Amino acid sequence: MRIQTKTGILFTIITATIILIISWTSYFITRSFVSRDFFKRLEIRVIVATKVLFEQDHITTNTYQELRKKYLETLTQEKEYVFRVDTIYKLKDRKTFIPYSFLQNIVQQKGIPVYFNKGDIDFAGLFYPDETGDYIVIKSAVNEYGISTLENLRNIKIATFILAVIIVYTTSIFFSKKTFEPVRDIIERTKNISAYNLGLRLEDKGGGDEIAELAKTFNNMLDRLQTAFETQNNFISNASHELRTPLTNIVGEADWALTRTRSMEEYQQSITSIQKHADHLNKITSELLSLSQISFTGQQQEWEEIGVVELIEESAFSVKNLIKGTELNLDIAEEIISNEQLSIKGIRTLLKLALGNIIANGAKYSNQEKVDLRVNKAGQFIEITIVDRGIGIPANEISRVFEPFFRASNTKSFEGYGVGLPLALNIIRIHHGNIEVKSIQSVGTSVIITLPVNKNS
């Protein structure tokens with residue numbers, strides 16, 4: 001069942017329930033009013049009947065009869081009953097038209113009218129103490145007009161309820177259909193989007209409603225998917241190229257060596273060339289393997305508390321050993337140095353690898369110029385900034401530095417594979433941190449790493 005149909009049905013049920021409650025409430029209020037009005041009319045008649053029966057000495061019976069005829073019309077099936085109180089006890093065990101409990105209640109009320117209903121017949125009774133004894137006078141009648149009115153009202157209520165439900169359902173279906181029309185447009189549009197046309201986007205009609213927000217969110221998701229697909233294609237293309245080049249050279253050298261008999265010196269040169277390209281291939285595959293392994297969540301390796309100063313010093317030391325002549329200017333905030341308990345929760349080898357790659361890049365692309373390494377505490381984060389004075393990155397290429405195998409256009413004279421930064425980004429993200437790159441071509445590059453401080457430190 002479609003959501004628009006569910007919405008229409010739900011709205012109809014809620015509205016129908018409200019209408020039903022209001023209708024039946026008004027019906028029962030009207031019914032109560034009609035009953036009270038008729039009982040009041042019976043009460044007047046029972047009072048008049050009492051006076052006619054027991055007060056003839058004061059006012060003539062003819063006068064009462066004239067008043068009754070003039071002001072009190074005869075009711076449907078109107079009847080009058082008179083009982084002596086001392087005789088009603090004989091009716092206690094009998095099944096009579098008028099219940100004994102009703103008669104007993106009249107006596108107990110001592111002159112206050114008492115009402116009773118049996119089917120369509122209403123009764124009004126009154127206790128009257130007379131000189132000749134105590135009496136009960138009862139008037140009964142059928143409220144024909146009231147019954148007819150209530151029946152008509154009930155029929156009208158039922159008919160209007162059914163009509164209202166039909167109108168509400170039709171209206172709610174119409175409006176829900178109009179409301180979900182943009183959703184249907186989104187569904188139809190998304191059916192046409194596939195891996196081959198990720199450039200398609202949903203129409204942004206503006207506005208701040210949920211549908212507009214859904215379209216914007218979906219378009220943003222498509223942007224990310226398109227970027228991921230393009231990055232993957234670029235990764236595969238570059239990886240294929242990087243792997244094919246040394247393989248082609250290895251195969252070429254081997255074919256050249258095997259085409260005819262060579263001198264010992266030529267064989268040595270060929271083997272040396274093959275070894276060089278094999279080493280190159282080994283480095284590329286190792287980088288690729290590292291990049292793929294770091295794509296996991298980091299749960300498979302042991303996490304530990306790592307002192308901030310300790311981590312920085314170990315990373316700097318490893319780079320100095322790897323790239324001889326590297327000059328590092330360490331600037332660690334006094335707050336961090338003085339707090340020996342300040343630590344980061346993470347995987348030591350991976351964090352050292354990420355920091356080492358970035359520091360090594362700074363040293364490499366600045367031709368071993370001094371690299372600044374600044375460490376500060378910003379709230380609940382450690383901020384590590386690596387600043388070099390090297391070749392920088394062209395402004396239009398900064399957004400691509402985290403793409404695997406991407407290398408800036410001004411790095412051709414430097415050895416590298418374009419895997420270091422993507423690898424570092426994956427490691428930092430595993431540790432719930434972030435990397436930001438700022439660069440000016442021919443001036444230098446700043447890489448800012450933020451990592452959350454261990455809550456227990």
Side-chain angles (χ1 to χ4, degrees), residues 195-196 198 225-296 300-301 318-319 321-326 349-350 352-354 356-368 390-391 393-394 396-427 445:
Y196 304 101
L198 281 174
L225 284 175
Q226 185 178 15
T227 301
F229 268 73
E230 290 175 354
T231 301
Q232 183 185 35
N233 290 334
N234 184 53
F235 174 85
I236 293 171
S237 176
N238 285 313
S240 300
H241 174 74
E242 292 290 339
L243 292 172
R244 188 183 297 116
T245 301
L247 283 173
T248 302
N249 290 332
I250 290 172
V251 172
E253 285 291 339
D255 286 343
W256 178 82
L258 295 172
T259 52
R260 61 182 177 83
T261 304
R262 306 286 180 182
S263 65
M264 182 62 66
E265 183 179 347
E266 288 176 327
Y267 280 128
Q268 288 178 342
Q269 289 177 351
S270 180
I271 293 171
T272 301
S273 177
I274 289 174
Q275 184 182 27
K276 176 183 175 182
H277 293 304
D279 287 340
H280 185 193
L281 182 61
N282 182 53
K283 288 181 181 179
I284 294 175
T285 52
S286 296
E287 294 283 359
L288 284 175
L289 182 61
S290 297
L291 186 60
S292 64
Q293 288 177 336
I294 299 304
S295 297
F296 69 107
Q300 298 177 6
Q301 296 189 37
S318 63
V319 173
N321 283 341
L322 180 67
I323 305 176
K324 300 299 182 183
T326 300
T349 54
L350 294 186
K352 285 176 60 178
L353 177 61
N357 276 346
I358 296 172
I359 297 170
N361 279 347
K364 179 171 65 175
Y365 292 118
S366 61
N367 292 311
Q368 277 70 52
I391 60 174
I393 304 169
N396 62 335
E397 297 179 3
I398 291 179
S399 61
R400 299 185 60 194
V401 294
F402 293 113
E403 292 181 16
F405 291 109
F406 173 79
R407 302 191 71 208
S409 56
N410 57 346
T411 61
K412 293 179 180 178
S413 59
F414 296 88
E415 184 182 354
Y417 310 108
V419 179
L421 270 179
L423 183 63
L425 178 63
N426 282 344
I427 294 172
T445 301

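Computed from a predicted structure; not experimentally measured.
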Could you tabulate the donor-acceptor pairs under 3.5 Å formed by side-chain atoms of residues 271-279, not counting sequence neighbours?
residue : atom : partner : partner atom : Å
Thr272  : OG1  : Gln268  : O            : 2.7
Ser273  : OG   : Glu253  : OE2          : 3.2
His277  : ND1  : Asn249  : ND2          : 3.4

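Partners of Leu421 according to the side-chain contact (heavy atoms from CB on, under 4.5 Å) rule, which considers only residues two or more places apart in sequence or in another chain, are Ile358, Asn361, Val401, Phe402. Contacts of Ser413 classified as side chain to side chain donor-acceptor pair (under 3.5 Å), with partners at least two apart in sequence or in another chain: none. Applying the side-chain contact (heavy atoms from CB on, under 4.5 Å) test to Lys352 and every residue at least two apart in sequence or in another chain returns Leu311, Glu314, Ser315, Arg348. When the side-chain contact (heavy atoms from CB on, under 4.5 Å) test is applied to Asn396, the partners found at least two apart in sequence or on another chain are Pro394. The side chain to side chain donor-acceptor pair (under 3.5 Å) check on Thr259 picks up Arg262, with sequence neighbours excluded.
One N or O on the side chain of Ser263 and one on the backbone of Glu266 form a donor-acceptor pair closer than 3.5 Å.
To the nearest 0.5 angstrom, Leu425 atom CG is 12.0 Å from Glu403 atom CD. Separating the CD atom in Glu397 from the CZ atom in Phe406 is a distance of 4.0 Å, to the nearest 0.5 Å. Considering CD1 of Ile391 and OG1 of Thr411, their distance stands at 6.0 Å, rounded to 0.5 Å.
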Worksheet item: How far apart are the C-alpha atoms of Leu353 and Asn357, what are their side-chain angles, what is the distance that settles it, and do they pass the side-chain contact (heavy atoms from CB on, under 4.5 Å) test?
Response: CA-CA 6 Å; Leu353 177 61; Asn357 276 346; 4.1 Å; yes
